[in-house]
Amino acid sequence: MTDVLITAGELAEFIKTEPCVVIDTRNPDAYAAGHLPGAVNVHEIFTYLATSTPEGIAELKTKFADAFGAAGLSGAETAVVYEQSMNSGFGQSCRGYFLLAMLGYPKVKVLHGGYDAWVAAGKPVTTDVPSPTKASFAIVPEAGSILIDAKAMLAAVGNPAIAILDVRDVDEWIGDSSSPYGKDFCPRKGRIPGAVWLEWYRMMKPTGEGPRFKSKDEILAECATVGITVDTPVYLYCFKGARASNTFLALKNAGVKDVRMYFGSWNEWSRDPSLPIEEGLPMPAMTSKAA
């Protein structure tokens, strides 16, 4: 696949020659203080809490098709999504990438290193707010297969052919906290049974310019620690599909062929008492050894 990530230097050249719509996912105050020239603020990319009922998925698609159309995306332009830095917004620029991919948008880039990288490279910023021309945004239904619902995730529980990958922070994985919004934000703490765990931060590494994604081989090495190869079907989840979007981008960029996201994630799963969970500290399965 074409690399989704684009550096600040590459983007500065790219926007001179290619039609682009630049989307800032940060909160309105950060956007007002300064943003990339021409950037449109769509903070809902980060804040929206989705459910995976048929109605919820239809609402998710309609809402963001409208929002991206209002930002000026018609299909002819490259959508360029950014956040403050790669680890400060819980993967919100990658959530924008996932939403666009799920709707079938053909050309999407994520600014690697975010706004901080753009500023560090000495590129121009502005406080001018653009008035984008509303465009007709077409949804490609088949693209939605990268989004799975709670039923599909439940069907994967106990299926050894599918890797259920939990990328939440360690306090959520061990069942100490229910969410990044507070320990008791959700009614249940724990994880989806049979899930393996790679904390989303492990897709990135520190550099002198701030966090950056690891190389493709480094990402595959991280995956190998939990038994995931390029051919393993992976079902991702986190709390609301932001951190998992960061991992989604990393895995797709590294060549993992079949990666899907349970976008309702723990926020939805934990609220349905009929869905199974594992609680407490994860314990390794005991393997019987022949005497």
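Residues Y201 and N87 have side chains that never bring a donor and an acceptor to within less than 3.5 angstrom of each other. If you check the side chains of T62 and E59, you find no donor sitting under 3.5 Å from an acceptor. Side chain to side chain, E268 and S265 fail the donor-acceptor criterion of an N or O pair below 3.5 Å. D149 and Y262 share no side-chain donor-acceptor pair at under 3.5 Å.
Cluster membership for I162 and M153, using ILVMFWY side-chain heavy atoms within less than 4.5 angstrom, is shared. Cluster membership for M203 and V256, using ILVMFWY side-chain heavy atoms within less than 4.5 angstrom, is shared. Cluster membership check: L5 does not share its hydrophobic cluster with F14, using side-chain heavy-atom separations under 4.5 Å among Ile, Leu, Val, Met, Phe, Trp and Tyr. Cluster membership for L249 and V108, using ILVMFWY side-chain heavy atoms within less than 4.5 angstrom, is shared. Hydrophobic clustering (side-chain heavy atoms under 4.5 Å, transitive across Ile, Leu, Val, Met, Phe, Trp, Tyr) groups V4 together with V21.
The pair D176-K183 counts as a salt bridge, with a side-chain nitrogen and a carboxylate oxygen less than 4.0 angstrom apart. Using a cut-off of 4.0 Å between Lys/Arg side-chain N and Asp/Glu carboxylate O, K214 and E222 are scored as salt-bridged. Comment: E13 engages K16 in a salt bridge, judged by a side-chain N to carboxylate O separation of less than 4.0 angstrom. Contact check on D169 versus R243 returns a salt bridge, with a Lys/Arg side-chain nitrogen under 4.0 Å from an Asp/Glu carboxylate oxygen.
In this structure, K61 NZ and D66 CG are separated by 14.0 Å, a value rounded to the nearest 0.5 Å. Atoms CD1 and OG, from I45 and S245 in turn, are 10.5 Å apart once rounded to the nearest 0.5 Å. Rounding to the nearest 0.5 Å gives a distance of 6.5 Å between CG of L60 and CG of L147. Between S177 atom OG and K189 atom NZ the span is 7.0 Å, to the nearest 0.5 Å. Atoms NE2 and CD, on H43 and E83 in that order, are 11.0 Å from each other to the nearest 0.5 Å. Of the inter-residue distances, the one linking L198 atom CG with D166 atom CG reads 9.5 Å to the nearest 0.5 angstrom.
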message: I'd like to know whether M102 forms a side-chain contact (heavy atoms from CB on, under 4.5 Å) with Y97, so could you lay out the CA-CA distance, the side-chain angles of the two residues, the decisive distance to 0.1 Å, and finally the verdict.
response: CA-CA 8 Å; M102 182 268 296; Y97 156 68; over 6 Å; no
field: Verdict with supporting geometry, E199 and V167, side-chain contact (heavy atoms from CB on, under 4.5 Å)
entry: CA-CA 4 Å; E199 203 168 17; V167 303; over 6 Å; no
- prompt: Where do F239 and F185 land on the ring pair (Phe, Tyr, Trp, His ring centres under 6.0 Å) test, with the steps shown first?
  reply: CA-CA 11 Å; F239 172 70; F185 184 83; 5.7 Å; yes
- prompt: Going through the distances and angles, do F68 and L103 end up as a side-chain contact (heavy atoms from CB on, under 4.5 Å)?
  reply: CA-CA 10 Å; F68 291 133; L103 293 168; 3.9 Å; yes
- request: For side chain to side chain donor-acceptor pair (under 3.5 Å), just list the numbers for D272 and S274, CA-CA rounded to whole Å, side-chain angles, deciding distance to a tenth of an Å, and then say yes or no.
  value: CA-CA 5 Å; D272 183 346; S274 73; 2.7 Å; yes
message: Would Y48 and R95 count as a side-chain contact (heavy atoms from CB on, under 4.5 Å) here? Give the steps.
response: CA-CA 10 Å; Y48 188 79; R95 197 181 201 236; 4.1 Å; yes
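With V230 as reference, L220 is the one residue of L220, D258, L251 to meet the side chain to side chain contact (heavy atoms under 4.5 Å, CB included) rule. Of the residues listed (F263, F46, F90), the one engaging K240 in a side chain to side chain contact (heavy atoms under 4.5 Å, CB included) is F46, and it is the only one.
Listed here is the closest heavy atom pair of K123 and A8: CE-O, 4.3 Å. Annotation for N246 and M86: closest pair ND2-O, 3.7 Å, computed over non-hydrogen atoms. Nearest approach of S93 to V81, heavy atoms of both residues: O-CG1, 3.5 Å. Taking each heavy atom of T78 and K109 in turn, the nearest pair found is CG2-CG, 3.7 Å. When every heavy atom of C238 is checked against every heavy atom of A242, the shortest pair comes out as SG-N, 3.5 Å. Closest approach of P180 and E172 over heavy atoms only: CD-OE1, 3.5 Å.
Remark: the backbone N or O of V129 is not paired with any side-chain donor or acceptor of H35 at under 3.5 angstrom. Side-chain N or O atoms of T7 include one that pairs as donor or acceptor with a backbone N or O of E10 at under 3.5 Å. With hydrogens and angles disregarded, a donor-acceptor distance shorter than 3.5 Å links the side chain of Y237 to the backbone of I192. Side-chain N or O atoms of T247 include none that pairs as donor or acceptor with a backbone N or O of W200 at under 3.5 Å. Looking only at distances, no side-chain donor or acceptor of T232 sits under 3.5 Å from a matching main-chain atom of V234. Not one N or O on the side chain of E278 forms a donor-acceptor pair closer than 3.5 Å with the backbone of P193. In this structure, the side chain of R188 engages the main chain of S270 through a donor-acceptor pair within 3.5 Å. Using modelled atom types, no side-chain atom of W118 and backbone atom of V125 make a donor-acceptor pair closer than 3.5 Å.
Both cation-pi conditions hold for R168 and W266: the charged atom is under 6.0 angstrom from the six-membered ring centre and inside a 45 degree cone around its axis. Remark: K252 is not positioned above the aromatic ring of F98, lacking an NZ or CZ atom under 6.0 angstrom from the ring centre and at most 45 degrees off the axis. Because its NZ or CZ atom is not both nearer than 6.0 Å to the ring centre of W197 and within 45° of the ring axis, R191 does not count as a cation-pi partner of that residue.
No side-chain heavy atom of N267 sits under 4.5 Å from any side-chain heavy atom of S179. Residues K216 and D3 form a side-chain contact, since some pair of their non-hydrogen atoms from C-beta on lies under 4.5 Å apart. Considering only heavy atoms from C-beta on, L236 stays 4.5 Å or farther from R260 through its side chain. V157 has its side chain out of reach of L275: every pair of non-hydrogen atoms, C-beta onward, lies at least 4.5 Å apart. With contacts defined as side-chain heavy-atom distances shorter than 4.5 Å, the pair L154/P276 qualifies. Under the 4.5 Å side-chain criterion, counting only non-hydrogen atoms from C-beta, N41 is in contact with P28. Residues H112 and I6 are not in side-chain contact: their nearest non-hydrogen atoms beyond the backbone lie 4.5 Å or more apart. The shortest side-chain heavy-atom distance between S52 and W269 does not fall under the 4.5 Å cut-off.
The environment of K134 atom NZ is dense: over 12 non-hydrogen atoms of other residues, nucleotides or ligands sit within 6.0 angstrom.
Aromatic rings from F137 and F64 are positioned such that their centres are separated by 6.0 Å or more.
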